[in-house]
Amino acid sequence: MYGFEAMTFNIHGGYLEAIVRGHRAGLLTAADYNNLCQCETLDDIKMHLSATEYGPYLQNEPSPLHTTTIVEKCTLKLVDEYKHMLCQATEPLSTFLEYITYGHMIDNVVLIVTGTLHERDVQELLEKCHPLGMFDSIATLAVAQNMRELYRLVLVDTPLAPYFSECITSEDLDDMNIEIMRNTLYKAYLEDFYKFCQKLGGATAEIMSDLLSFEADRRAVNITINSIGTELTRDDRRKLYSNFGLLYPYGHEELAVCEDIDQVRSAMEKYPPYQSIFSKLSYGESQMLDKAFYEEEVKRLCLAFEQQFHYGVFFSYMRLREQEIRNLMWISECVAQNQKSRVHDSVVFIF
Amino acid sequence: MAGTSMAAYSSSWSTALLKISPYTFSAIGIAIAIGVSVLGAAWGIYITGSSLIGAAIKAPRITSKNLISVIFCEAVAIYGVIVAIILQTKLESVPSSQIYAAESLRAGYAIFASGIIVGFANLVCGLCVGIIGSSCALSDAQNSSLFVKILVIEIFGSALGLFGVIVGIIMSAQATWPAKSV
């Protein structure tokens, strides 16, 4: 029954929900970002971050800092918090928390396969993988030559196995096929996650379906824009769109035939939530689209915290942390390369 | 008076109900008064307690103030105990010829109803205060000015249990058994 979750949610989820809300209180605020944007060197950034919750993770780093170190340590904090919550969780919350990391698993798989294609060293690639998406046999990915082997050798034992049924072919792996594979996997993952949340019901289903629909629509727009001018046929493009979300099915029909950004804009402006995003961009410009999408996503993620007794807060917190790490990476890069005038181009304030 | 005790072999439900001893009803009423009240209090305490413990990890200052929510839930159980004790003092023995007299049945039903009133009013009051207490702990951890405002909501919630106790006591006050000498 929707509305009566308050009576039984706290049996299994009360403690963890309170913990995740405590973590949310530690997200960096606009004042912190303003301080960070005015830093001159990476050591200043380290000093400012040591006053926040990132302090214990950065304090032991030796002085010539790199931006990758900062990002790595901040990600480590996220991973520690996630693992702590995962240990304490029971079903179905533990399954929900695991679903959140499958996106990173897909990214890691694609990273290693692409890197192997371009003859990079496996160890170096493993260091670049996102820690939330690691699984045991990930190093074996470097051995596979085509998708069938990829599946048979490695992926059949991972949680990604059911997502592969649509993209097992005997073709060899090349850049185009790998991108198609990434998008097909992600489509299957989003649909699976959506169905799982619907099965959970109640406030979780409602909030997560809104967040996942936005994700599906955003990916549809990005796939469209990135495949304009490539050899991807219209049918192939349509096969990569998820079958849920605000744009399903009529928006997908229109997006599949778009050939430039203005057609994408006219297709999207029929939907009120996306019209406000596209109205911020002037004609012909697509660089600010990413930032506009991130801002809209952050707004929706923060709204998930307004209700109590649902699992959406966990998903929301992980995504907000990832956005914060992206912000820190951008700020660190701008400071390291002395381009502080561009620092506000891509920082999305959370509060 | 004629239809009650002498219709010995009539098989209607009303006769069956009238043949249940008023002491049964009284005892069940007293059991419900204490049992269901304690269920409500326990439910409320675990809802508020789990959130309070989790939130206190990042914000340890909230622990002492938010124990008030637990105390409000506990008060609900105390109401149940008090009413159960009052109800059991209302039980009197009547001679066996009088057990099915109208006055006895009335007293039995009054105690039963009083027990149900108090039990279920305290059940929902405990639930209500527990859920509000959980939200109170989480909001206090984020912003300490919210605590007193949410406490006012809890006070209104705990008044529900008090209403139940008042009506229950009024109900049981008029449970008079027939006098011993007939």
Side-chain angles (χ1 to χ4, degrees), chain A residues 1-29 52-56 77-78 80-90 93 97 202-203 302-314 316-317 320-321 350-351, chain B residues 36 38-67 69-70 72-73 76 120-147 149-150 153-154 157 160:
Chain A
M1 283 185 293
Y2 189 2
F4 289 89
E5 296 133 344
M7 301 201 298
T8 51
F9 181 87
N10 275 7
I11 304 176
H12 294 296
Y15 174 69
L16 282 175
E17 179 181 0
I19 285 196
V20 91
R21 281 174 187 268
H23 287 319
R24 173 210 183 258
L27 286 172
L28 298 178
T29 61
T52 66
E53 295 197 349
Y54 287 112
K77 174 174 193 291
L78 174 61
D80 282 344
E81 289 171 357
Y82 174 78
K83 288 204 173 121
H84 171 78
M85 290 196 290
L86 188 60
C87 293
Q88 303 259 6
T90 60
L93 179 56
L97 286 175
C302 286
L303 285 177
F305 281 94
E306 302 291 314
Q307 263 202 45
Q308 214 182 327
F309 310 120
H310 62 88
Y311 293 148
V313 286
F314 296 98
S316 204
Y317 171 70
L320 284 174
R321 262 287 176 217
I350 297 180
F351 304 117
Chain B
V36 177
V38 168
L39 173 64
W43 202 333
I45 291 180
Y46 94 65
I47 291 180
T48 217
S50 52
S51 289
L52 182 54
I53 290 178
I57 290 182
K58 278 294 168 91
R61 58 184 165 80
I62 67 169
T63 44
S64 27
K65 281 200 295 188
N66 279 278
L67 283 178
S69 307
V70 177
F72 273 131
C73 289
V76 153
F120 286 98
N122 285 338
L123 171 65
V124 294
C125 173
L127 261 179
C128 168
V129 174
I131 294 175
I132 299 177
S134 153
S135 304
C136 184
L138 295 177
S139 331
D140 191 15
Q142 300 273 341
N143 176 1
S144 47
S145 66
L146 289 174
F147 175 71
K149 303 182 171 106
I150 300 184
I153 305 178
E154 267 189 68
L160 299 174

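Any value given below was found using the heavy atoms of this structure, including those in side chains, with hydrogens, waters and symmetry copies removed. Chain letters run A, B, ... following the sequence lines, proteins first, then strands; residues in each count from 1.
Smallest separation of non-hydrogen atoms from B:Leu127 and A:Met7: CD1-SD, 3.5 Å. Contact record, B:Gly54 with A:Ile19: O-CG1, 4.0 Å, taken as the closest heavy-atom pair.
Rounding to the nearest 0.5 Å gives a distance of 11.0 Å between CG of A:Leu16 and OG of B:Ser51. To the nearest 0.5 Å, atoms OH (B:Tyr46) and OG1 (A:Thr8) are separated by 6.0 Å. How far CG of B:Leu138 is from CD of A:Glu17: 6.0 Å, rounded to the nearest 0.5 Å.
Interface check for chain A: of the options B:Ser135, B:Gly130, B:Gly44, the most heavy-atom pairs under 4.5 Å are formed by B:Ser135. Options A:Gln308, A:Arg21, A:His23, A:Arg24 differ in how many heavy-atom pairs under 4.5 Å they form with chain B, and the most are formed by A:Gln308. Between chain A and the residues B:Asn143, B:Ile131, B:Ile53, the most heavy-atom pairs under 4.5 angstrom are made by B:Ile131.
Of the atoms belonging to A:Phe9, not a single heavy atom falls under 4.5 Å from chain B. Contact annotation for A:Glu53: only side-chain heavy atoms (C-beta onward) come within less than 4.5 Å of a heavy atom of chain B.
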